[in-house]
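Have a look at the structure below before the remarks.
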Amino acid sequence: MTISTSNRRWFLWGSVLLILLFWKIASAVIGRAIILPSPDATVKYAFLLLGEREVWTALLWTLKRTMTSFAINLLAAGILGMASGFSRGFKLFLSPLVTVLKAVPTMGVILLSLIWFSSETAAVFVSSLIVFPILYQAVVGGVETIDPLSVEMNRVFRIPWLRRFFHFYLPSLKPSLLTGIVSALGLSIKVMISAEVLSQPDRGIGTMFQIERARLNTEGVFAWSLLVILMTAGLDKLLSLLERRYALENKRTD
Amino acid sequence: MKISGLTKHFGQGPLYDNFDLTLPAGKISCILGPSGCGKTSLLNMIAGLLPHEGGEILFERIPAGSEPRFSYVFQEPRLLPWLTVTGNLVYAMDGELSRHERKARAKEMLALVGLKEEGKKFPRELSGGMARRVGVARALLSDFDILLMDEPLASLDQELKEKLISLFKERLAGKTVVFVTHDYYTARALSDHIFVLSPPPVRAEEIGLSGLQKILEEINRP
């Protein structure tokens with residue numbers, strides 16, 4: 001069954017309103033803001049937060065850390081994923097490490113990284129480690145689905161490697177890489193904030209969460225959560241626009 | 001080009017078993033044979049795309065220690081879907097030429113294969129015949145010592161076949177070309193030498209034009 005655009009909006013907004021309604025009722029029943037603040041109080045507090053310079057600094061620092069770790073990850077996953085995609089031996093060689101990274105509990109990595117690194121580095125390290133397998137698998141999957149007949153064509157025509165990389169391999173990897181990036185970026189932000197909560201860097205959303213928790217300001221914790229949701233949704237939207245643009249490009253060539 | 005003692009197995013039996021064939025340099029050689037006799041495999045082994053288990057393929061007129069440069073009209077055009085027709089041609093051309101020069105040559109070649117107006121189209125906007133002609137254009141634009149062509153004119157109408165055969169004759173004079181076809185007209189019009197492959201284990205026999213008609217009738221019999 002297909003759903004029209006206007007109906008989709010009704011479903012989406014209906015769902016949001018229902019969540020808010022349950023939240024409002026639950027907070028009214030409990031009656032204590034320290035346990036469960038109401039949605040309107042949370043939104044009001046979030047607006048208050050947005051008026052403070054320190055809040056923007058925290059948001060930007062977390063975003064900067066996330067992007068740094070994501071860029072490192074993308075580079076590492078790109079290089080190692082391509083090597084694994086082309087060499088079964090290398091893929092096998094990396095498989096124990098990738099299995100460990102996929103299975104290791106996030107909290108365990110955070111605690112260990114706190115012992116090993118400074119609070120600033122720890123958060124970037126944790127996020128990189130947790131997100132790496134997703135991007136790595138996306139690159140390996142992409143390489144493994146590259147058309148072998150086109151690879152032969154490249155060989156026969158002796159295409160220079162730089163031209164081959166930018167005009168053949170990268171476009172071939174684009175669909176699976178975009179899907180990997182979309183699923184990894186949201187996780188990256190979540191893991192980054194969890195790491196910041198424990199590592200307590202000077203500036204960051206996680207540090208702000210911890211401060212609000214220490215003050216027993218549940219409204220603050222909820223408001224920060226709301227800001228993180230909005231930030232992640234914004235990034236998701238940006239990526240889905242990129243994905244849609246890519247799909248449109250492909251459709252144009254159909 | 002001298003192929004000697006070539007051995008290649010496919011499935012349970014040998015496809016090529018101690019196979020010998022000499023293809024004259026600087027000439028256009030046509031390979032004919034029934035479906036499944038390994039014509040495409042032979043082209044792929046010559047190009048180094050398919051490893052063989054025994055024997056050797058020696059290339060004349062190639063300086064010692066260097067590999068021959070191949071160009072190939074594949075049976076399926078193998079165009080990159082994210083590049084335009086011109087983009088596909090420019091992509092496969094010699095890296096030493098400037099991009100501007102490569103584009104100019106691509107444009108000229110597209111006009112020669114009857115695709116002057118299709119340069120900005122993407123491969124999926126082309127018919128099978130058009131895509132095949134782009135494959136031909138790409139192969140002719142590449143610098144090569146040996147040109148391999150797998151059914152280069154299949155699914156083209158007679159007028160286009162004639163146009164491309166003239167183009168081949170003009171551009172490929174003195175070049176070493178090996179091509180596979182099922183088409184009597186193409187074989188007769190284009191080849192200097194015609195070789196017929198037998199069913200596996202494959203053997204090759206050179207035939208003259210007089211024997212061509214009879215053999216093609218046998219090959220194409222359902």
Side-chain angles (χ1 to χ4, degrees), chain A residues 74 78 81-82 85-89 138-182 239-254, chain B residues 40-41 43-51 66-97 99 102 118 120-126 131 134-135 137-150:
Chain A
L74 208 54
M82 279 186 95
F86 289 121
S87 156
R88 282 189 182 184
V139 177
V140 174
V143 173
E144 285 176 346
T145 52
I146 287 176
D147 175 24
L149 296 181
S150 297
V151 174
E152 285 186 353
M153 181 276 290
N154 276 283
R155 240 179 92 187
V156 166
F157 289 105
R158 306 168 303 281
I159 308 294
W161 72 268
L162 211 59
R163 200 191 295 173
R164 209 182 282 205
F165 179 76
F166 284 108
H167 296 287
F168 176 64
Y169 284 113
L170 276 189
S172 299
L173 291 178
K174 212 166 154 187
S176 69
L177 200 58
L178 260 179
T179 312
I181 287 173
V182 169
L239 283 170
S240 67
L241 281 175
L242 275 176
E243 249 190 325
R244 203 177 303 165
R245 200 180 141 183
Y246 173 72
L248 270 177
E249 268 174 24
N250 264 10
K251 206 174 175 184
R252 270 210 302 273
T253 66
D254 276 343
Chain B
T40 300
S41 301
L43 293 187
N44 285 340
M45 282 189 279
I46 293 171
L49 297 176
L50 185 69
S66 63
E67 292 285 314
R69 294 167 308 158
F70 290 102
S71 189
Y72 204 142
V73 178
F74 297 101
Q75 204 168 24
E76 57 303 301
R78 307 188 188 183
L79 303 175
L80 301 180
W82 48 83
L83 294 180
T84 60
V85 166
T86 306
N88 267 283
L89 299 186
V90 168
Y91 177 76
M93 262 188 264
D94 189 351
E96 285 174 15
L97 295 171
R99 193 169 169 80
R102 281 187 278 154
E118 325 297 330
K120 287 183 179 168
K121 286 188 176 171
F122 284 92
R124 289 178 208 174
E125 294 174 283
L126 304 176
V134 179
R138 180 179 58 190
L140 292 180
L141 280 168
S142 166
D143 279 339
F144 61 85
D145 299 308
I146 296 165
L147 171 64
L148 305 169
M149 301 197 285
D150 197 350

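Small disclaimer: the values here were computed from a predicted structure and weren't measured. Reminder, nothing fancy here: chain letters follow the sequence lines and each chain counts from 1.
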**Message:** Applying side chain to side chain donor-acceptor pair (under 3.5 Å), can you list everything that pairs with B/Thr86, at least two apart in sequence or on another chain?
**Reply:** none
**Prompt:** Taking atom CD of A/Glu152 and atom CZ of B/Phe74, what is their separation to the nearest 0.5 Å?
**Reply:** 6.5 Å
**Request:** Could you name each residue pair satisfying ring-ring contact (aromatic ring centres under 6.0 Å, His included) that touches residues 142-168 of chain A, not counting sequence neighbours?
**Result:** none
**Prompt:** How about B/Glu76: does its CD atom have over 12 heavy atoms from other parts shown lying under 6.0 Å from it?
**Reply:** yes
**Request:** List the atom of A/Val156, the atom of B/Tyr72, and the distance in Å for their closest heavy-atom pair.
**Result:** CG1-CB, 3.7 Å
**Request:** Ignoring hydrogens and angles, tell me if any N or O in the side chain of B/Arg69 forms a donor-acceptor pair with the backbone of A/Arg158 under 3.5 Å.
**Result:** no
**Minimal non-hydrogen separation, A/Arg163 against B/Met93, with atom names** = NH1-O, 2.9 Å
**Prompt:** For chain B, which residues of residues 142-151 of chain A have at least one non-hydrogen atom nearer than 4.5 Å to it?
**Reply:** A/Leu149, A/Ser150
**Fill in**
Only one of B/Leu49, B/Leu79, B/Leu80 passes side-chain contact (heavy atoms from CB on, under 4.5 Å) with A/Met153, and that residue is B/Leu80
**Item:** Residues of residues 139-148 of chain B contacting chain A, heavy-atom criterion under 4.5 Å, by residue number
**Value:** B/Ala139, B/Ser142, B/Asp143
